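Remarks on the structure that follows.
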Amino acid sequence: MKLPKNNERKSMSKSIIFSLVFLVLGFIMAYSYSLSNQRETENDFAGAGFFEQKEQYRKELIEQQERNKELREELGDKQVAVQEFERSVVDGEENYTAYAREAEELRRFLGLVPVKGEGLTVTLQDGDYSIDHANPNEYIVHESHVFQVINELYISGAEAIAVNGQRIHGNSHIVCTGPVIAVDGIQHPAPFTIEAIGSPEVLTASMQLAGGVQDQLLNDDISVTLDPGQTIQMPALLSEMDTGGRR
């Protein structure tokens, strides 16, 4: 009768042991599964965060590239504007210089400023009396002779002209009254000295052209003297008006 009890005890002990073993194994397997799921979850979370961060960086890089492109285009526009402004400044300076030079030439031509420079002096004198000239008008200097010289000198580039020291301007009038001529109402006796500021070589050559002014004056028995290369100085017209034409 004792043997069955021992068998029952052994059987019960084995059941308890197996139960404990299975319980421990079950716990270990459950823990392992839980740990595995946790790691997968953490890996999934880390991968998702990295992807989101990478995508954010990519967007920021694209935005920065677009901004850089806009800045380059803006810089190009500014450079073009600066170049156009520089060209306009240069053109303005050139135009100003040209206008100033033209204005100065006009002031010189109109006699508004005193002038000084090299040029040509032309002296006209009455011809010598001859028995062949019963009429004195045939050998004295007339206003037409003076006009011939003045016109030729202006055509040849004279910048300023004076007759017996009196400045000539665009509206000057010259009238012959007997043995004298009147320039703008002021009388001058012979000889008549016509001064012109300009290139002495050009002015002299123009007067000495074959069949030109000098030959025509000589044909009218007028004495003509050319004196190039002198330094000539002329006052402004206002100065002459203030002094009544006297120098």
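Only a predicted model underlies this, so the values are computations on that prediction, with no experimental measurement involved. In this chain, residues are counted from 1 in sequence order.
To the nearest 0.5 Å, atom CD1 of residue I150 and atom CD1 of residue I194 are 5.5 Å apart. Here the straight-line distance linking atom CD of Q216 with atom CD1 of I222 works out to 12.5 Å at 0.5 Å rounding. Atom NZ of K116 is separated from atom CE of M234 by 13.0 Å, given to the nearest 0.5 angstrom. Expressed to the nearest 0.5 Å, how far CD of E201 lies from OG of S156 amounts to 12.5 Å. Residue T204 holds its OG1 atom at 9.0 Å from CG of L153, rounded to the nearest 0.5 Å. Distance check, rounded to the nearest 0.5 Å: CG of L61 to CZ of R58 gives 9.0 Å.
Between I197 and E195, the closest side-chain pair of non-hydrogen atoms is not below 4.5 Å. Using a 4.5 Å heavy-atom threshold, the side chains of V122 and L203 count as separate. The closest side-chain heavy-atom distance from L120 to P228 is below 4.5 Å. H188 is not listed as a side-chain neighbour of V180, based on a closest heavy-atom distance of 4.5 Å or more.
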message: Set out, in order, the CA-CA distance, both residues' side-chain angles and the distance that settles side chain to side chain contact (heavy atoms under 4.5 Å, CB included) for F192 and V183, then state yes or no.
response: CA-CA 11 Å; F192 305 106; V183 180; over 6 Å; no
task: With side chain to side chain contact (heavy atoms under 4.5 Å, CB included) as the test, would you mind laying out the steps for D184 and H173 before giving the verdict?
output: CA-CA 5 Å; D184 296 333; H173 54 87; 3.6 Å; yes
query: Does the pair L217 and L124 meet the rule for a side chain to side chain contact (heavy atoms under 4.5 Å, CB included), with working shown?
result: CA-CA 9 Å; L217 293 171; L124 304 181; 3.8 Å; yes
Trace of the side chain to side chain contact (heavy atoms under 4.5 Å, CB included) decision for Q166 with N164: CA-CA 6 Å; Q166 182 177 346; N164 284 14; 5.8 Å; no
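In terms of hydrophobic clustering, with Ile, Leu, Val, Met, Phe, Trp and Tyr side chains grouped at heavy-atom distances under 4.5 Å, V146 and L218 are assigned to a common cluster. There is no path of hydrophobic side-chain contacts, each under 4.5 Å, that joins I232 to V202. L226 and L209 fall into different hydrophobic clusters, where Ile, Leu, Val, Met, Phe, Trp and Tyr side chains are chained together by heavy-atom contacts under 4.5 Å. Neither I181 nor V175 shares a network with the other; the hydrophobic side chains, linked directly or stepwise wherever heavy atoms of I, L, V, M, F, W or Y lie under 4.5 Å apart, form separate groups for each.
Closest of all the heavy-atom pairs between A162 and G165 is CB-C, 4.1 Å. A158 approaches A196 most closely through the heavy-atom pair CB-CB, 4.1 Å. Annotation for D126 and V141: closest pair OD1-N, 2.8 Å, computed over non-hydrogen atoms. The two residues S172 and R167 have their closest heavy-atom pair at OG-O, 4.4 Å.
A salt bridge is defined here as a Lys NZ or Arg NE, NH1 or NH2 lying under 4.0 Å from an Asp or Glu carboxylate O, and E66 with K69 fails to meet this definition.
No donor-acceptor pair closer than 3.5 Å links the side chain of E152 to the backbone N or O of M207.
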